[in-house]
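Before any comments, here is the structure.
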Amino acid sequence: MKKPALTGLKEIIKPYLNKCTQLPPYCRKQVARLTAAAKDKTARKKYQKKLTGFIALLAEQWRLVSISTVGFIIVYYGLGAAVSSKINNPTDTELSPHATTGKHLTPALAYVLKTQVDDSAWVPALPALFPAAVLDNLPNFQIGVKDGVRFLTKRLAAFYNNDKLKAAGELLDYPADIWLFSQTGEDKLAPGSAKQYRKAMAKIAAALPENASETAPNREPAYILESISIVLKRQIAKLEKQVQEHNSETMDFKADDVFFYVQGNIYALYYALAAVAKDYQDIIVRTEQYENLTGALKYLKDAETLSPLSIQNGAPEESYSANHLLYLAYYLLQAQNRISLILCALK
């Protein structure tokens with residue numbers, strides 16, 4: 001059985017903590033040694049000679065030192081960022097239903113959070129010391145996933161009046177960039193963002209929302225599909241705004257931020273819609289909307305797997321300039337149209 005990430009981390013740092021207990025007596029010993037050396041003129045000259053010689057060596061070899069430092073930074077951040085900034089967004093995971101309710105939606109939302117806070121490091125909260133914090137693709141994607149799950153969780157909490165879902169929604173309101181310290185000027189210790197989101201994930205997975213009334217069986221899937229449609233509309237509007245305001249710029253450095261943030265939301269929507277397809281299959285088939293639902297899923301998957309080497313926000317009228325934001329918006333618009341058809345049939 002796979003160990004939790006925190007348990008594994010504790011096992012790794014335990015030997016180092018044991019060594020840290022030996023640090024105070026070692027420091028006292030070194031201080032006493034230096035104090036004795038300071039009183040001895042011969043020893044004092046020896047230490048001074050070593051220190052000045054080391055400084056002189058650095059001054060003479062400043063080119064080598066500079067090149068070595070720059071090379072280390074490039075390798076550390078370049079290679080480290082390339083390895084640690086891979087987006088974790090599998091779309092082929094087969095989810096198990098809730099053991100009590102038999103529904104797939106809450107397990108799907110919990111799984112989507114798990115891929116970002118347990119299966120991957122929560123990068124938006126990491127300080128600049130970590131290579132993954134240099135690139136902004138993964139942080140924007142993870143924030144998009146969290147925001148998508150938060151919106152759906154709050155909508156479900158309002159629909160079912162479920163306390164656990166309400167608490168999960170509040171936990172997902174927690175800022176995404178908290179590592180060890182709060183954002184106040186006092187820099188007090190604070191719970192990390194990933195820790196709060198793990199609590200939210202546990203509450204979502206444990207929630208037991210009641211079934212909709214038997215007199216209105218279509219009301220529950222219609223409400224969930226409306227929630228998904230709202231998120232789609234917001235993401236399309238976000239993409240269109242970026243295109244309209246910045247497509248004339250030679251280099252739009254914010255285009256990739258918007259692109260990956262929207263893809264994060266799509267990742268949450270994809271699994272939510274897949275859960276609807278399973279939980280309400282009978283209603284979808286009875287209303288003859290199965291083709292529209294599978295079509296919406298396909299477009300969301302196409303949007304999620306869209307992965308250009310470089311995100312471009314070219315002018316729409318240009319023949320030789322790509323606009324990946326518009327490509328993404330096209331898939332979302334197609335998915336939204338099919339969900340609208342399903343909603344019409346359910347109402």
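Hydrogens, waters and symmetry mates play no part in the numbers below; they use all other heavy atoms, side chains included. Note that this is a predicted model, so its numbers are computed, not measured.
- Taking E226 as the reference, K347 meet the salt bridge (charged side-chain N to carboxylate O under 4.0 Å, His left out) condition, with sequence neighbours excluded.
- Identified under the salt bridge (charged side-chain N to carboxylate O under 4.0 Å, His left out) test for residues 323-342, with sequence neighbours left out: none.
- Judged by distance alone, the side chains of K166 and N161 do bring a donor and an acceptor atom under 3.5 Å apart.
- The cluster map of Ile, Leu, Val, Met, Phe, Trp and Tyr, joined by side-chain heavy atoms under 4.5 Å apart, puts V149 and L171 in different clusters.
- Judged by distance alone, with hydrogens and angles left aside, the side-chain atoms of S120 form a donor-acceptor pair with the main-chain N or O of T115 at under 3.5 Å.
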I would like to know whether D118 and R198 meet side chain to side chain contact (heavy atoms under 4.5 Å, CB included); could you show each step before the answer? CA-CA 8 Å; D118 275 352; R198 289 189 187 98; 2.7 Å; yes
Could you give me the CA-CA distance, side-chain angles and deciding distance for F159 and R155, then say whether side chain to side chain contact (heavy atoms under 4.5 Å, CB included) is met? CA-CA 6 Å; F159 182 78; R155 290 276 294 181; over 6 Å; no
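- Identified under the ring-ring contact (aromatic ring centres under 6.0 Å, His included) test for residues 291-313, with sequence neighbours left out: none.
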List the steps and the verdict of side chain to side chain contact (heavy atoms under 4.5 Å, CB included) for L156 and I204. CA-CA 10 Å; L156 292 176; I204 293 171; over 6 Å; no
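- Side-chain atoms of N88 and Q116 form no donor-acceptor pair, as typed in the model, at a separation below 3.5 Å.
- Partners of K233 under the salt bridge (charged side-chain N to carboxylate O under 4.0 Å, His left out) rule, at least two apart in sequence or in another chain, do not exist in this structure.
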Begin with the C-alpha distance, continue with both residues' side-chain angles, and end with the deciding distance and a verdict on salt bridge (charged side-chain N to carboxylate O under 4.0 Å, His left out) for K199 and E170. CA-CA 11 Å; K199 291 179 181 179; E170 293 174 358; over 6 Å; no
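- Note that CG of L172 is 10.0 Å distant from CD of Q196, once rounded to the nearest 0.5 Å.
- The main-chain N or O of L165 is never found under 3.5 Å from a side-chain atom of T153 such that the two would form a donor-acceptor pair.
- With sequence neighbours excluded, no residue forms a ring-ring contact (aromatic ring centres under 6.0 Å, His included) with Y280.
- Contact of the L239 side chain with the L326 side chain is not registered, since no non-hydrogen atoms from C-beta on lie closer than 4.5 Å.
- For residues 281-292, no pair satisfies salt bridge (charged side-chain N to carboxylate O under 4.0 Å, His left out), with sequence neighbours left out.
- Not counting sequence neighbours, F260 has no partner by the ring-ring contact (aromatic ring centres under 6.0 Å, His included) test.
- In this structure, CG in L269 is found 8.5 Å from CG in L332, a value given to the nearest 0.5 Å.
- Linking ILVMFWY side-chain heavy atoms closer than 4.5 Å, directly or via other members, places L293 and I230 in a single hydrophobic cluster.
- Residues L95 and T93 have side chains in contact (heavy-atom distance under 4.5 Å, counting atoms from C-beta outward).
- Between P124 and I143, the shortest heavy-atom contact is CG-CG1, 3.8 Å.
- With sequence neighbours excluded, the residues forming a side-chain contact (heavy atoms from CB on, under 4.5 Å) with K298 are D302, listed by chain and number.
- Proximity of a side-chain donor or acceptor of N162 to a complementary backbone N or O of A157 within less than 3.5 Å is not detected.
- Between Y327 and Y331, the ring center distance fails the sub-6.0 Å criterion.
- With sequence neighbours left out, the ring-ring contact (aromatic ring centres under 6.0 Å, His included) criterion links Y290 to no other residue.
- For K154, the NZ atom is densely surrounded, since the number of other residues' heavy atoms within 6.0 Å is greater than 12.
- At least one donor-acceptor pair closer than 3.5 Å links the side chain of H324 to the backbone N or O of Q312.
- Here the side chains of T106 and L208 are not in contact, with every heavy-atom distance at 4.5 Å or above.
- Every residue two or more places apart in sequence or in another chain was checked for a ring-ring contact (aromatic ring centres under 6.0 Å, His included) with Y174, and none qualifies.
- One side chain, Q289 or N292, offers a donor N or O that lies under 3.5 Å from an acceptor on the other.
- Cluster annotation: Y160 and L109 are assigned to the same hydrophobic cluster (Ile/Leu/Val/Met/Phe/Trp/Tyr, side-chain heavy-atom contacts under 4.5 Å, transitive).
- Under the 3.5 Å distance criterion, the side-chain polar atoms of H98 are matched with a main-chain donor or acceptor of A205.
- A single hydrophobic cluster is not seen to contain both L341 and L273; linkage of ILVMFWY side chains at heavy-atom distances under 4.5 Å, directly or through other members, places them apart.
- A centroid separation of less than 6.0 Å is found between the aromatic rings of Y271 and Y111.
- With salt bridges taken as basic N to acidic carboxylate O contacts below 4.0 Å, none links D173 and K146.
- Remark: side-chain polar atoms of W122 are paired, donor with acceptor, to backbone N or O of A176 under 3.5 angstrom.
- Closest non-hydrogen pair, L297 versus A274, comes out as CD2-N, 3.6 Å.
- For the pair T101 and P209, the tightest heavy-atom approach, listed with the atom from each and the gap, is CG2-O, 4.3 Å.
- No donor-acceptor distance shorter than 3.5 angstrom exists from the side chain of S229 to the backbone of L225, with no hydrogens or angles considered.
- Considering every non-hydrogen atom in both K203 and A167, the closest pair reads CD-CB, 3.6 Å.
- Not one N or O on the side chain of Q263 forms a donor-acceptor pair closer than 3.5 Å with the backbone of G144.
- N89 places a side-chain heavy atom less than 4.5 Å from the side chain of E304.
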Could you go through F259 and N140, starting from their C-alpha distance and side-chain angles, then the distance that decides it, and tell me whether this counts as side chain to side chain contact (heavy atoms under 4.5 Å, CB included)? CA-CA 9 Å; F259 183 92; N140 280 288; over 6 Å; no
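- Y267 contributes no side-chain N or O that, together with a main-chain N or O of Q142, makes up a donor-acceptor pair within less than 3.5 Å.
- Counting all heavy atoms, side chain and backbone alike, A275 lies closest to A108 at CB-CB, 4.2 Å.
- At distances below 3.5 Å, at least one donor-acceptor pair connects side-chain atoms of S193 with backbone N or O atoms of I178.
- Annotation: salt bridge (charged side-chain N to carboxylate O under 4.0 Å, His left out) contacts of D163 (sequence neighbours excluded): none.
- Applying the salt bridge (charged side-chain N to carboxylate O under 4.0 Å, His left out) test to D147 and every residue at least two apart in sequence or in another chain returns R150.
- With rounding to the nearest 0.5 Å, the separation of CG in L300 from CD1 in I228 is 8.0 Å.
- For the atom pair L343 CG and I339 CD1, the distance stands at 7.5 Å (nearest 0.5 Å).
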